[in-house]
Undergrad: 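Just passing along the structure, written as structure tokens.
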Amino acid sequence: MLGLYTTSPLAHSMIAQVFEEDKSFCYDRDMTNLEIAELLRNVAAAYEILGENPFKTIAYQKAADSIEHLTSDLKDMWDDGKLDTVPGVGSALASHLDELFRTGKVKHFDQVLSKLPKSIYPLLLVPGLGPKKAYKLVSELTLKDSKTVIADLEKAAQTHKIAAIVGFGEKSEEVILSGIESYKRGQIKENRMMLPEADGIARDIINYLKKMPEVNHADPLGSLRRQVATIGDIDIAVATRKPAVVIEHFVKYPHQKLIDKGAAGATLLLNNGRQVDLRVQKPEAYGAMLQYFTGSKHHNIKLRTYAVGRGLSLNEYGIKQVKTGKLTEFASEEGFYQALHMPYIPPEIREDKGEIEAAVSGRLPKLIELSDIKGDLHMHTNYNFSSSHDIGASHVKEHLDKAAALGYEYIGISDHNPSISNQTQKQIVAVMKKRKEWYEQQYYSLKDGLKKRVHLLIMCEVDILTDGKLALPDEAFEYVDAAIVSLHSSFTQSRKDITKRIITALTSHPKVRIFGHPTGRLLARREGVDADWPEVFATCKKHSIALEINAYPDRLDLPDSLVYEARKEGVKFCIDTDSHEVDQMDMMRYGVSVARRGWATKHDIVNTLGYNEFKSWLQKGV
DNA sequence: GCCGTTTTCGGCCCGACTGTTTTCAGTCG
């Protein structure tokens, strides 16, 4: 295959001359992981156009993927001399990245990138355009300005200048225009839905499908099955012997538009604007299909690479012996993984974070399950005591009833601390004393049966003020069993300031036991704070403070990637719902999903402890 | 350019889809 290594037939030297005024590349030594990944992808694209060894191109793309998925800043890892621990970064790339962080430039990248017109690189972000097409369009249409290249291309498509280019046609113009449309939408990031919304939609449809006797199994696929915090499209798999009947039934589900219908499935645009794909498969091959479409992409690539080493090739229909071409089908995913000599890997951890290696060597963690949860420590009742933030909508007795129904041994009421702006410290202490007495009175008035089953802990969610002090006077701590401390203001402080602020708060009183929704992120609305997480984790570990995994739908905070990191350091977690209304206590399972995605076992989670053990953890931190 | 149950050389995931083609290249997930 000599052709792979020869120079592209396109006359890039000529093009480079046309664009010679446009040669400088701006990047700096404080690039984010995302920006570095984009830089490496640009180099890979240039290599591809220039006809470099295709595996070198793939190596750059792999490194870019891997850097994009890191949970710490690459620059911090460089600081710590840990560049070589990044998968896909070998000695050559490590040396280039070292040059980048030291000098803010990489000579080799500049050389490669400047062989091509700079205006091709923005086009790579448009769906449907890869290196080859981007290069051809830029060359043929002489699109010089990288700042306006996307708008220029849009204009060229609208005025039908693209159909005239060899290899493009009228349809290409439409595809390019719709690609530019989604590129623009992608910039606004409005498309993804939060996990519970996607989960609810999928559950309704799965229940609807399961009413048919022809449906043997129905499951979500993709990021929803892996329980990622935000979901793009909803994909659903069905095992059946009567695919046509199932598809007919599916397209009768209430919708605004039937987008596609074929022998293997159908796509609907629902009334709520969400898109749902259905895929059908015969029961014998259902396991292979589930595995294939659950992903993640990185997990599947790693798994297929592993299989190739054993003379096997994986696809959506089964496992093929490379030598004989014999295909074995699998009805279940368990069987599929077993055939690869490893235990079943739960969907939540299929992210290529070491789960395949762990499975092969028998080190796969036994992930926490919803039924392991024995209590919920973060909820707000409708008891009104001049609280600093919002109060809840339900009575404490409703919360206790619900806890009993969920089989919990205990709950903690964690109302916000009293407002500090219009009350003296003395008044606040009095309010807290009265609050404790009120809750105790409510609890004592319960029926004996409920009291025996569910214990009540009187806690408080205390604001961490801008300087790290707590918004509750020391004397008031006498009236709570324990405190959750949380950030509710000044989210944009510098990393140094916010880290110091958090650590000050965590170590300011022995009754501070849980760090609530640690990053403060609100999905699709607010980024989390930029703290030095390893330092925060070390403090939690030292003082035996639990990091909260807040299950509230738009929080899911601590995020799964940080759960994974913190767990490696031996930090404990507490999964809470932060309920402001009694039915929200059902959201616990989303918190459990986050914990599972972070590889947590029940031993990593303090509210899997029975009441007595939990109480002793609260008091002594054992 | 990376990497190791084929470990310092010789491989590198897999198939679907689409448009422009008449047998395939490019892109995507």
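Worth knowing before you read on, the calculation uses all heavy atoms, side chains too, and leaves out hydrogens, waters and symmetry mates. Here the structure is a predicted model, which means the values were calculated and not measured. All chains are named by letter (A, B, ...) in the order of the sequence lines, taking the proteins before the strands, and each is independently numbered beginning at 1.
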Undergrad: Please list all pairs passing the side chain to side chain donor-acceptor pair (under 3.5 Å) test where one or both residues lie in residues 309-321 of chain A, with sequence neighbours left out.
TA: Tyr306(A)-Arg310(A)
Undergrad: Between dG1(B) and Asn53(A), counting only base atoms on the nucleotide and side-chain atoms on the residue, is there a donor-acceptor pair under 3.5 Å?
TA: yes
Undergrad: Separation of Glu170(A) atom CD from dT18(B) atom P, in whole Å?
TA: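 My rounded result for the distance is 18 Å.
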Undergrad: Would you classify Phe293(A) as touching base, sugar-phosphate or nothing, given that sugar-phosphate means primed atoms plus P, OP1 and OP2, and contacts are heavy atoms under 4.0 Å?
TA: nothing
Undergrad: Considering only residues two or more places apart or on different chains, which pairs with a residue in residues 70-105 of chain A satisfy ring pair (Phe, Tyr, Trp, His ring centres under 6.0 Å)?
TA: Trp78(A)-Phe101(A), His96(A)-His108(A), His96(A)-Phe109(A)
Undergrad: Which residues satisfy the side-chain hydrogen bond (donor to acceptor under 3.5 Å, both in side chains) test with Asp352(A), sequence neighbours excluded?
TA: Lys302(A)
Undergrad: List every contact pair, protein side and nucleotides 2-7 of chain B side both N or O, where the distance is under 3.5 Å.
TA:
from   : atom 1 : to        : atom 2 : distance (Å)
dC2(B) : OP1    : Gly90(A)  : N      : 2.6
dC2(B) : OP1    : Gly90(A)  : O      : 3.4
dC2(B) : OP1    : Leu93(A)  : N      : 3.2
dC2(B) : OP2    : Ala92(A)  : N      : 3.4
dC3(B) : OP1    : Gly88(A)  : N      : 2.7
dT6(B) : OP1    : Gly309(A) : O      : 3.3

Undergrad: What is the distance, to the nearest angstrom, from the OH atom on Tyr317(A) to the P atom on dC14(B)?
TA: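 Taking atom P of dC14(B) as the reference, OH of Tyr317(A) is at 15 Å.
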Undergrad: From CD1 of Ile49(A) over to P of dT27(B), roughly how many Å is that when rounded to an integer?
TA: 9 Å
Undergrad: Atom CD1 of Ile356(A) to atom C1' of dC13(B): distance rounded to whole Å?
TA: 12 Å
Undergrad: Between Asp65(A) and Arg41(A), does any side-chain N to carboxylate O distance fall below 4.0 Å?
TA: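 Yes, this pair counts.
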Undergrad: With sequence neighbours excluded, give me every side chain to side chain donor-acceptor pair (under 3.5 Å) pair touching residues 82-91 of chain A.
TA: none
Undergrad: Please name the nucleotide paired to dT8(B) by Watson-Crick or G-U wobble geometry with both distances under 3.5 Å, or report none.
TA: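 By the stated definition (distances under 3.5 Å), nothing pairs with dT8(B).
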Undergrad: Using whole Å, report how far NZ of Lys62(A) lies from C1' of dG11(B).
TA: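 Distance check: Lys62(A) NZ to dG11(B) C1' gives 10 Å.
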Undergrad: By salt bridge (Lys or Arg N to Asp or Glu O under 4.0 Å), which residues pair with Lys366(A), not counting sequence neighbours?
TA: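 Here the qualifying residues are Glu369(A).
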Undergrad: For Lys568(A), give me all partners under salt bridge (Lys or Arg N to Asp or Glu O under 4.0 Å), at least two apart in sequence or on another chain.
TA: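 Scan of Lys568(A) (salt bridge (Lys or Arg N to Asp or Glu O under 4.0 Å), adjacent residues dropped) gives Glu565(A).
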Undergrad: Atom pairs under 3.5 Å, N or O on each side, protein against nucleotides 22-26 of chain B: can you list them with distances?
TA:
from    : atom 1 : to        : atom 2 : distance (Å)
dG26(B) : OP2    : Lys132(A) : NZ     : 3.2

Undergrad: Under a 4.0 Å threshold between the charged nitrogen and the carboxylate oxygen, would Glu351(A) count as salt-bridged to Arg226(A)?
TA: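 Yes, charged N to carboxylate O under 4.0 Å.
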Undergrad: Using a cut-off of strictly less than 4.0 Å between a heavy atom of the residue and any atom of DNA chain B, enumerate the qualifying residues of residues 333-350 of chain A by number.
TA: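 By residue number: none to list.
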Undergrad: Could you list the residues that satisfy salt bridge (Lys or Arg N to Asp or Glu O under 4.0 Å) with Lys282(A), not counting sequence neighbours?
TA: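 Expected list: Glu329(A).
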Undergrad: With Phe330(A), which residues qualify under ring pair (Phe, Tyr, Trp, His ring centres under 6.0 Å), at least two apart?
TA: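 Phe336(A).
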Undergrad: Taking only residues two or more places apart in sequence, or in another chain, which ones meet Tyr344(A) in a ring pair (Phe, Tyr, Trp, His ring centres under 6.0 Å)?
TA: none
